[in-house]
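Notes to accompany the following structure.
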Amino acid sequence: FIFNNFIIKILAPGFLDESYILAKRLFVIILPSLVFLSMSSCIVAILNANKKMLWVPILGIPLNIMTIVGVIFVFPNHGIHMATLMVLLGSILQMIIMLVPLKRTQFRLTMDFDIKDKNIRKMIVMIGPMIIGVMAQQINSLFGGAITSTLTEGSLTSYNLATKII
């Protein structure tokens, strides 16, 4: 991945030598999961719009199970790289499982987009504040992680675990 050096230096400026090399390798492994997680979120939005709410609560189960399996069973015998691949596999499984109820909605992706439609305009107006809120949260996490990466070993893990609890 071309930009991983740049991204790691921004996200974790305190990582040096081994930690930096490991972060670069894990970043390349985990990066595709963003695509699958984003697709899963879009599918969930479609399911919600079609009143298929039963599937939404199970969204995180495949990813969580694969993460737990990766940490408890894979990591001790095969290391962090294989454990990270388990997380990637979890994100893929998550998306595949969400395809089942999506198919039942008979959803079809089309390229017709009418900016004059009142619902489209309403969505555009509503999405602005949401994007600002999400960006603020992500920037806060970015700075928190960057600062924490300069502290003693294990600080970034503690920070990430603490933010998950919140």
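Along the sequence shown, residues carry numbers from 1.
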Side-chain atoms of residues 81-90: list all donor-acceptor pairs with protein atoms under 3.5 Å, sequence neighbours left out, distances to 0.1 Å.
residue, atom, partner, partner atom, Å
Thr84, OG1, Ile80, O, 2.8

Spacing of Phe143 atom CZ and Thr148 atom OG1 [to the nearest 0.5 Å]: 12.5 Å
For residues Ile21 and Leu26: do they belong to one hydrophobic cluster (side chain heavy atoms under 4.5 Å, members Ile, Leu, Val, Met, Phe, Trp, Tyr)? no
CE (Met130) and CD1 (Ile127) are apart, to the nearest 0.5 Å, by 4.0 Å
Taken in chain and number order and not counting sequence neighbours, the residues that satisfy side-chain hydrogen bond (donor to acceptor under 3.5 Å, both in side chains) with Lys24 are Asn5
Atom CZ of residue position Phe107 - does it have more than 12 heavy atoms of other residues, nucleotides or ligands inside 6.0 Å? yes
Value rounded to 0.5 Å, distance of CG in Leu31 from CD1 in Ile29: 11.0 Å
List, one per line, each side-chain donor-acceptor pair under 3.5 Å for residues 115-125, sequence neighbours excluded.
residue, atom, partner, partner atom, Å
Asp117, OD1, Asn119, N, 2.7
Asp117, OD1, Ile120, N, 3.4
Arg121, NE, Ile115, O, 3.1

With a cut-off of 3.5 Å and sequence neighbours excluded, list every side-chain donor-acceptor pair involving residues 38-50.
residue, atom, partner, partner atom, Å
Ser38, OG, Leu34, O, 2.8
Ser40, OG, Phe36, O, 3.0
Ser40, OG, Met95, N, 3.4
Ser41, OG, Leu37, O, 3.2
Asn50, ND2, Ile46, O, 2.8

If you compare all heavy atoms of Tyr159 against all heavy atoms of Asn140, which two are closest, and at what distance to 0.1 Å? OH-O, 3.9 Å
Mind listing the closest non-hydrogen atom pair of Phe15 and Tyr20 along with its distance? O-CB, 3.8 Å
Testing the basics here: between Gly14 and Ser149, what is the closest heavy-atom pair and its distance to 0.1 Å? N-OG, 3.0 Å
Partners of Thr157 by side-chain hydrogen bond (donor to acceptor under 3.5 Å, both in side chains), sequence neighbours excluded? none
With a 4.5 Å limit on heavy-atom distance, are the side chains of Leu99 and Leu102 in contact? yes
Give the minimum heavy-atom separation between Leu151 and Ser155, together with the two atoms involved. CB-OG, 3.5 Å
If you measure from CG on Asp17 to CG on Leu22, what distance do you get to the nearest 0.5 Å? 12.5 Å
In one Ile/Leu/Val/Met/Phe/Trp/Tyr side-chain cluster, 4.5 Å: Ile92, Val35: yes
Is atom CE of Met53 surrounded by more than 12 heavy atoms (other residues, nucleotides or ligands) closer than 6.0 Å? yes
Donor-acceptor pairs are to be reported for all side-chain atoms of residues 56-71 against protein atoms at under 3.5 Å, with residues two or more places apart or in another chain.
residue, atom, partner, partner atom, Å
Asn64, ND2, Gly60, O, 3.2
Thr67, OG1, Leu63, O, 2.8

